[in-house]
Amino acid sequence: GRDSAVVLAAVAVGLVALYGVGLTVFGSPRCEGRHQCSPYVALDRAVLGQAHLYRGMEVDYDPEGLAVVVAATALVLAGYVAGSQLRGRTAIDRRLVARGVAGGVALAVAGLALGELQPINKRLHTPAFSLFAAGAVVVGLLCFTGVFQRGGHGAVGVVRRLRRLGAAPFLPLGRNALIVYFVERVVHQSALETHVGAGTLEDWFFAH
């Protein structure tokens, strides 16, 4: 219900704030590069042991680590709240979509603004990243819902078929989200293997 959605949204915001305070208290002033910091690495070492930590990208610790689960949980809750408001509806509630889009835009703008204090950083899952990502995903979800929502009862047959055809590429993503990870790995590895000038395509992306 609406009350539970409000409670879950408040919990999500609280988790993001708690994690952000931790980044401020335990973070290093050198946390600027892509792989140069993990303020919670001591927690990972205490729980997992140095021998079981991630090794890659020229570091001997997980740039994300166990503590990121706290911030990532906030994103999961944001997605659940948005999805729960849409689940079971057979027709588009334009007011609900409008409120949701407004809320998503507000989250994204808040993330951009907060980025002036703690940069948007996916690996560290900074609050700026969490807010921006949550806002962008909610807006995207509602926009797709508006386009592909089932139950356009007044739509003629050809419109319904076009909707189904347009939605088809997105169905595998909803049924198996690991496809997104697989495609990202393929694209990333391709960027590493493709050379642009003196560097790789990945270097060019980060530079621009």
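Only a predicted model underlies this, so the values are computations on that prediction, with no experimental measurement involved. Hydrogens, waters and symmetry mates are skipped; everything else that's a heavy atom, side chains included, is used.
With rounding to the nearest 0.5 Å, the separation of NE2 in H125 from OG1 in T73 is 9.0 Å. Taking OG of S130 as the reference point, atom CG of L15 lies at 9.5 Å (rounded to 0.5 Å). In this structure, CG on L23 lies 10.0 Å from CG on L18, to the nearest 0.5 angstrom. Atom-to-atom distance recorded for T126:OG1 and L117:CG is 11.0 Å, nearest 0.5 angstrom. Note that CZ of R99 and CG of L142 are 11.0 Å apart. Values are rounded to the nearest 0.5 Å. Remark: L162 CG to R164 CZ distance equals 9.5 Å, nearest 0.5 Å.
Residue R175 places its CZ atom among 12 or fewer non-hydrogen atoms of other residues, nucleotides or ligands, all under 6.0 Å distant.
Taking every heavy atom of both residues into account, G166 and P169 meet most closely at O-CD, 3.2 Å.
Among residues two or more places apart in sequence or in another chain, the side chain to side chain donor-acceptor pair (under 3.5 Å) test is passed with H195 by none. Take H208 and apply the ring pair (Phe, Tyr, Trp, His ring centres under 6.0 Å) test, not counting sequence neighbours, and it matches W204.
At least one side-chain heavy atom of L66 sits under 4.5 Å from a side-chain heavy atom of V47. Annotation: side chain of L131 is in contact with side chain of L114 (closest heavy-atom distance under 4.5 Å). For the pair F129/N121, no side-chain contact is recorded, criterion being any heavy-atom separation below 4.5 Å from C-beta on. Annotation: side chain of T200 is not in contact with side chain of T194 (no heavy-atom distance under 4.5 Å). L75 is not listed as a side-chain neighbour of Y80, based on a closest heavy-atom distance of 4.5 Å or more.
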For residues 101-113, which side-chain donor-acceptor pairs fall under 3.5 Å, sequence neighbours excluded?
none

Step-by-step side-chain contact (heavy atoms from CB on, under 4.5 Å) determination, V68 to L124 = CA-CA 7 Å; V68 170; L124 286 180; 5.9 Å; no
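If you run side chain to side chain contact (heavy atoms under 4.5 Å, CB included) between V183 and each of V187, V180, V186, only V187 comes through.
Both V139 and L141 belong to a common hydrophobic cluster when Ile, Leu, Val, Met, Phe, Trp and Tyr are linked at side-chain heavy-atom distances under 4.5 angstrom. Y19 and V13 fall into different hydrophobic clusters, defined by Ile, Leu, Val, Met, Phe, Trp and Tyr side-chain heavy atoms under 4.5 Å apart, directly or through other members.
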